[in-house]
Trainee: 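I have a structure I would like to understand better, so I am pasting it below and will then ask my questions one at a time.
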Amino acid sequence: MTPLLTEPGRVTRESLAEYREAGGYRGLAEARARVDGRAWVLGQVRRAGLRGRGGSGEGRPVAATWARVARATSPVRYVIANGAETSPASRKDRHLLSLYPHRVLEGLLIAAHAVGAAEVFLYIRNDADEALASAEAALGEARAAGLLEGVAVRVQPAAPSAVVGEASAVVDALEGLEGLPQPKSAPLESIGLRGEPTVVTNVETLAAAAGVLRLGPEQFLAQGVADCPGTALFTVSGDVAAPGVYEVAYGTPLRELLRMAGAPPAGELLAVLPGGLGSGPLRPDELDVRLTYEALIEIGSSLGPAAVVVIALDRTTLPNLAAETSAYLAAGSCGQCNGCRESLGQVAQAFGAGDPGRARQWAEVALYGRGNCAHPTGAARFALRLLQAFPEVWSK
Ligand code: SF4
């Protein structure tokens with residue numbers, strides 16, 4: 001696997017000089033120099049098959065989202081780099097911002113050029129001290145080197161909560177409000193920040209976009225799988241010898257990633273959550289699943305923010321995992337949508353009382369109930385897959 005986003009062994013922040021040495025900011029320069037610069041960026045990103053790496057785990061095609069804002073009739077557009085990273089199991093965005101801030105910043109400036117934005121934001125959780133300091137330092141270096149070319153870039157610290165990274169919550173927070181997910185009357189690409197067309201893109205997605213322009217789409221297409229090309233950053237945590245952030249190609253078997261992180265053999269595992277706490281748990285005999293959005297959804301789980309949590313047999317029991325995780329997810333509901341608040345609370349209560357039948361009923365309500373964000377969907381997926389994939393536990 002050839003890394004496209006990181007450098008093996010790097011432990012200190014990549015400076016502007018180092019990044020430039022590796023070809024950094026040449027893609028941005030070419031985009032700005034070309035007469036067809038905007039169309040060229042969108043074309044390169046589309047050819048590379050770049051998909052969004054945010055916590056929703058949907059992997060939406062990036063070029064299509066950017067193109068919608070590029071085509072907007074309003075002359076005022078915004079781009080927000082989303083580094084809120086709200087999943088407790090994810091560290092990849094902080095890792096990227098701490099060590100490779102220029103890759104994110106170049107991606108942000110490329111996105112700004114592609115959609116015609118003159119004001120952009122780097123939205124980073126406020127307890128991520130190293131990431132914030134690194135982003136500010138990179139911004140200072142880029143400004144001094146004349147790389148901003150009139151684009152106003154602001155680093156905006158975000159108060160962490162379970163939902164503050166949701167795209168409409170990011171916009172809400174940047175407007176000085178509470179940072180809560182909003183009803184989806186229109187896509188943010190039409191009516192976003194201050195009522196104007198807005199792109200909200202995960203920081204890893206932006207670093208990958210910079211990589212596409214620096215290395216060429218072919219380098220991305222040469223790795224991963226046809227509908228999910230390139231590489232991605234996975235945070236591996238829990239019962240492993242070497243927890244951390246790993247760059248692997250999409251389509252890599254989960255078993256291979258677990259081997260890299262020093263996970264115990266399958267016989268010593270209780271379960272693996274491939275996409276953070278709001279994803280469906282996998283059985284130890286399902287580790288050959290490939291790490292793509294579609295492969296995980298097909299078996300009732302999800303890639304989420306690519307945060308893999310490994311749980312050993314001697315750590316806990318499945319009923320305890322169900323009770324503790326569903327209580328955590330219920331506490332993460334911001335409470336503004338009735339269906340979410342009540343159903344997640346009921347799922348947690350039912351698991352806590354050892355009543356899996358009632359937990360299933362309320363999880364189905366959470367799955368199909370309407371809310372302003374995907375938080376209840378993730379919580380319901382966790383509960384329903386736990387019940388469906390481990391029937392021997394619940395039939396006792
Ligand atoms: S669905 Fe739940 S977490 Fe999302 S906005 Fe509504 S109450 Fe908050």
Side-chain angles (χ1 to χ4, degrees), residues 55 57 86-90 160-163 235-240 243 254 258 263-264 266-287 296 299-305 307-369 371 373-396:
T86 50
S87 167
S90 181
S161 78
V163 295
T235 312
V236 186
S237 66
D239 296 312
V240 293
L254 173 59
L258 297 189
E268 295 174 24
L269 294 179
L270 181 71
V272 177
L273 283 79
L277 299 184
S279 66
L282 305 183
R283 298 172 60 97
D285 58 8
E286 294 179 304
L287 304 184
L296 284 161
I299 62 168
S301 188
S302 66
L303 193 59
V308 179
V309 184
V310 179
I311 305 156
L313 258 180
D314 59 6
R315 162 79 53 184
T316 185
T317 64
L318 284 168
N320 283 344
L321 176 70
E324 285 165 17
T325 305
S326 56
Y328 177 87
L329 292 167
S333 166
C334 71
Q336 61 173 341
C337 314
N338 291 338
C340 171
R341 188 180 57 234
E342 188 187 1
S343 56
L344 297 196
Q346 291 282 358
V347 171
Q349 240 180 45
F351 273 132
D355 188 344
R358 193 157 63 86
R360 181 191 308 275
Q361 286 170 357
W362 280 104
E364 282 168 357
V365 172
L367 187 61
Y368 298 112
C373 78
H375 181 71
T377 309
R381 273 212 191 110
F382 166 81
L384 290 171
R385 192 165 209 278
L386 197 60
L387 291 164
Q388 171 258 319
F390 301 84
E392 67 280 7
V393 175
W394 312 108
S395 59
K396 281 178 192 164

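Quick note: numbers below take in every heavy atom, side chains included, and nothing from hydrogens, waters or symmetry partners. Note that the numbering runs from 1 along the sequence shown for the chain.
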Trainee: Could you state the interatomic distance from CG (Leu270) to CG (Asp314), rounded to the nearest 0.5 Å?
Mentor: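 Between Leu270 CG and Asp314 CG, I get 9.5 Å after rounding to 0.5 Å.
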
Trainee: Could you grab the distance from atom CD of Glu342 to atom CG of Leu344, nearest 0.5 Å is fine?
Mentor: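 These two atoms lie 10.5 Å from each other.
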
Trainee: Taking atom CZ of Arg283 and atom CD1 of Ile299, what is their separation to the nearest 0.5 Å?
Mentor: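 Here the interatomic distance stands at 11.5 Å.
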
Trainee: Does the side chain of Asp239 reach to within under 4.5 Å of the side chain of Glu268, using non-hydrogen atoms?
Mentor: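 When only atoms from C-beta onward are counted, Glu268 and Asp239 do not touch, as no gap falls below 4.5 Å.
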
Trainee: Check whether any side-chain heavy atom of Thr86 lies under 4.5 Å from a side-chain heavy atom of Val163, and answer yes or no.
Mentor: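 Counting from C-beta outward, Thr86 and Val163 never come under 4.5 Å.
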
Trainee: Could you check whether any side-chain heavy atom of Leu387 comes within less than 4.5 Å of a side-chain heavy atom of Phe351, counting everything from C-beta outward?
Mentor: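 Side chain of Leu387 against side chain of Phe351, heavy atoms only: contact under 4.5 Å found.
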
Trainee: Determine the minimum heavy-atom distance between Ala353 and Arg358, stating which atoms define it.
Mentor: CB-NH2, 4.4 Å

Trainee: If I compare all heavy atoms of Ala348 with all of Ala330, which pair ends up nearest, and what's the gap?
Mentor: CB-CB, 4.2 Å

Trainee: Can you tell me which residue among Leu273, Val240, Leu258 is in a side chain to side chain contact (heavy atoms under 4.5 Å, CB included) with Val308?
Mentor: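 Only one of Leu273, Val240, Leu258 forms a side chain to side chain contact (heavy atoms under 4.5 Å, CB included) with Val308, namely Leu258.
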
Trainee: Do you know which two heavy atoms are closest between Ala363 and Val347, and how far apart they sit?
Mentor: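 In this case the closest contact between Ala363 and Val347 is N-CG2, 3.4 Å.
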
Trainee: Could you check if a side-chain atom of Val393 sits within less than 4.5 angstrom of a side-chain atom of Leu386, using non-hydrogen atoms only?
Mentor: no

Trainee: Can you check whether Leu296 reaches Ser279 side chain to side chain, under 4.5 Å on heavy atoms?
Mentor: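 With C-beta onward as the side chain, the pair stays apart.
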
Trainee: Would a 4.5 Å heavy-atom cut-off, applied to side chains only, mark Leu367 and Thr377 as touching?
Mentor: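 They are in side-chain contact.
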
Trainee: Got a sec, which residues hit side-chain hydrogen bond (donor to acceptor under 3.5 Å, both in side chains) with Gln349, two or more places apart in sequence or on another chain?
Mentor: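 Checked Gln349 against side-chain hydrogen bond (donor to acceptor under 3.5 Å, both in side chains); zero matches.
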
Trainee: Do Leu277 and Ser87 have side-chain heavy atoms sitting under 4.5 Å apart?
Mentor: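 The answer is no, as the side chains (C-beta and beyond) never meet within the 4.5 Å cut-off.
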
Trainee: Which atom pair, heavy atoms only, marks the closest approach of Trp394 to Phe390?
Mentor: CD1-O, 3.1 Å

Trainee: What closest approach, in Å, do Ser333 and Cys340 show between heavy atoms, and which atom pair accounts for it?
Mentor: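 Shortest heavy-atom contact: OG-SG, 3.3 Å.
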
Trainee: Would a 4.5 Å heavy-atom cut-off, applied to side chains only, mark Leu287 and Leu269 as touching?
Mentor: yes

Trainee: Out of curiosity, Asn320 CG to Arg315 CZ, how far, rounded to the nearest 0.5 Å?
Mentor: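 Between Asn320 CG and Arg315 CZ, I get 12.5 Å after rounding to 0.5 Å.
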
Trainee: What distance separates Gln388 CD from Leu384 CG, expressed to the nearest 0.5 Å?
Mentor: 9.0 Å

Trainee: Could you tell me whether a side-chain N or O of His375 sits under 3.5 Å from a main-chain N or O of Leu329, the two making a donor and an acceptor?
Mentor: yes

Trainee: Please report the shortest heavy-atom distance between Leu321 and Phe382, naming the atom on each side.
Mentor: O-CZ, 3.9 Å

